[in-house]
Amino acid sequence: MSYLETTKNVYKEAALTPDVGLCCTTNPIWELPGLTIPKIMQEMNYGCGSTVHARDLSNHPKILYVGVGGGMELLQFAYFSRQKQGVIGIDVVDEMLTASAKNFIEAEEKNEWFQKEFVDLRKGDALHLPVDDNSIDVAAQNCLFNIFKTEELKKAIQEMYRVLKPHGRLVMSDPTCEQPMNDQLRNDERLRALCLSGSLPISAYVKALTDAGFGTIEIRARKPYRILDPKNFPTDELIYIESIEVAAIKDPMPEDGPCVFTGKAAIYYGTEDFFDDGKGHILFKNQPLAICDKTAAALKDLDRDDLYFSPSTFHYDGGGCC
């Protein structure tokens, strides 16, 4: 049985019998006025972070979400979109689509603003999205892409790139792992189905996105996820898994390479009121400016004694250079 078939079976079981312990179920439940999340959606919340960010969701965007789960994040997206078929949910598991549709009936009863027609559930998979080119403002997936092996991962990212409008955003939450895994772990189909053995280092994850053409990458959060240990997994050492939240923006690729924000900042502390590098970066005295890694390298090369550069915090919430 292939790892993709194993994955379908894992989530078929999770649709028929909600499994609170599947994945790590740490998505924040947004406390928004008038928004009530049904309990069943919370129980079927199979993710490792959040892809719902208010600053991505202005002006009633058209949203695509791949891997619907119990529908919680789709409901949160619909809160911002509020239009018929404003949110498209894609899943390859029939039972998950059925369960999610049922949950939206309950959501409609609990939320005066919500209509189940706001969400368009479609059968399909991440490698062949049943969505038109250049039709989506915000695309999202949560704890899904890390089940894929290299070629499938490239295809899934390319599909998201295809359906996004220019300057559209792909928002993702996935496990990452800086430590190399042994062959037994990497080839364990059950682990891959649970988004663990497919975990990539952050640098490889970012490269996969920029190789697809995304010109701007934002690392928005990096946090502990879980441990693979010798007592419970086929490994000789502890392996630390993190969860990251990333946005890849379909901006044109700059001639000098992508802008990757990892939470760095520059602070000018010279004698003038501000510093201007002549390339569009103005730093006012003692006011931190968020900068991408490329700009950080260029400013460091100036070898000034009145500029300070923070290390990567792996938390970026907008603004700054570029």
Side-chain angles (χ1 to χ4, degrees), residues 4-5 7-19 22-23 25 27 29-30 35-47 50-52 56-57 60-133 135-145 147 156 159-160 162-165 168-173 193 195:
L4 293 175
E5 196 64 31
T7 302
K8 287 178 64 175
N9 290 337
V10 166
Y11 286 95
K12 175 181 177 180
E13 294 172 10
L16 296 173
T17 306
D19 182 356
L22 187 68
C23 212
T25 60
N27 300 33
I29 298 172
W30 292 99
L35 174 62
T36 300
I37 307 290
K39 182 180 178 182
I40 185 62
M41 284 187 173
Q42 299 177 41
E43 293 174 348
M44 296 176 69
N45 173 17
Y46 306 134
S50 179
T51 61
V52 182
D56 298 328
L57 301 171
H60 306 287
K62 186 81 169 182
I63 301 161
L64 169 68
Y65 191 83
V66 184
V68 300
M72 188 181 88
E73 285 197 275
L74 283 83
L75 178 61
Q76 292 175 140
F77 279 126
Y79 181 91
F80 293 92
S81 180
R82 301 200 185 196
Q83 57 183 302
K84 186 176 181 181
Q85 298 182 332
V87 180
I88 300 173
I90 305 292
D91 209 295
V92 71
V93 181
D94 291 318
E95 291 80 4
M96 196 65 80
L97 289 168
T98 299
S100 186
K102 182 179 178 182
N103 293 346
F104 284 123
I105 294 174
E106 182 176 346
E108 190 175 42
E109 295 171 352
K110 292 180 177 292
N111 293 274
E112 292 183 1
W113 60 269
F114 179 68
Q115 301 173 31
K116 59 182 181 295
E117 290 80 11
F118 289 171
V119 179
D120 177 11
L121 295 174
R122 302 180 186 179
K123 176 71 174 288
D125 65 66
L127 307 180
H128 308 90
L129 294 173
V131 180
D132 293 338
D133 293 358
S135 62
I136 299 296
D137 296 296
V138 178
Q141 65 84 21
N142 193 332
C143 219
L144 170 65
F145 279 12
I147 69 170
E159 277 290 278
M160 289 292 214
R162 173 184 65 82
V163 303
L164 281 169
K165 297 176 183 177
R169 295 169 180 244
L170 169 56
V171 188
M172 303 176 290
S173 179
C195 308

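All residue numbers refer to positions in the sequence shown, counting from 1. When reading the values below, keep in mind they use all heavy atoms of this one structure, side chains included, and skip hydrogens, waters and symmetry mates. None of these values were measured; they are calculated from a predicted model.
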Nearest-0.5 Å distance, CG of residue Leu4 to CG of residue Leu127:
7.0 Å
Below 4.5 Å, heavy atoms only, C-beta onward: do Phe104 and Phe114 meet side chain to side chain?
yes
Could you list the residues that satisfy side-chain contact (heavy atoms from CB on, under 4.5 Å) with Ile37, not counting sequence neighbours?
Ile29, Leu35, Met41, Gln42, Met72, Leu75, Gln76
Report the distance from atom CG of Asn103 to atom NZ of Lys110, rounding to the nearest 0.5 Å.
11.5 Å
Rounded to the nearest 0.5 Å, what separation is found between the OH atom of Tyr11 and the OH atom of Tyr46?
9.0 Å
Are any non-hydrogen side-chain atoms of Leu129 and Met160 less than 4.5 angstrom apart?
yes
Over all heavy atoms of both residues, which pair between Leu144 and Gln141 is shortest? Give the atoms and the distance, please.
N-OE1, 3.0 Å
Any side-chain heavy-atom pair of Leu121 and Leu74 under 4.5 Å:
yes
Looking only at heavy atoms, the pair that brings Phe118 and Trp113 closest together is CE1-O, 3.3 Å
Is there a side-chain contact between Glu117 and Glu108 in this structure, where contact means two heavy atoms from C-beta onward sitting under 4.5 Å apart?
yes
Pairwise distance OG1(Thr51) to CG(Asp56) - rounded to 0.5 angstrom
9.0 Å
d(Lys116 NZ, Lys102 NZ) to nearest 0.5 Å is 14.5 Å
Give the minimum heavy-atom separation between Ser100 and Gly69, together with the two atoms involved.
CB-O, 3.7 Å
Shortest non-hydrogen contact from Val131 to Leu64?
CG2-CD1, 4.0 Å
All pairs passing salt bridge (charged side-chain N to carboxylate O under 4.0 Å, His left out) where residues 136-145 contributes a residue, at least two apart
Asp137-Lys165
For residues 82-98, which residue pairs pass the side-chain hydrogen bond (donor to acceptor under 3.5 Å, both in side chains) check, not counting sequence neighbours?
Ser81-Gln83, Asp94-Lys123
Flag side-chain contact, heavy atom, 4.5 Å: Ser135 against Lys62:
no
If you compare all heavy atoms of Ala99 against all heavy atoms of Met44, which two are closest, and at what distance to 0.1 Å?
CB-CE, 3.9 Å
Going from CD on Glu73 to CG on Asn142, what distance comes out if it is rounded to the nearest 0.5 angstrom?
4.5 Å
If we only count heavy atoms from C-beta on, is the Lys12 to Lys8 side-chain gap below 4.5 Å?
no
Within the 4.5 Å heavy-atom criterion, are Val68 and Val119 side-chain neighbours or not?
no
Closest heavy-atom pair and its distance - Ala193, Val10
CB-CG2, 3.9 Å
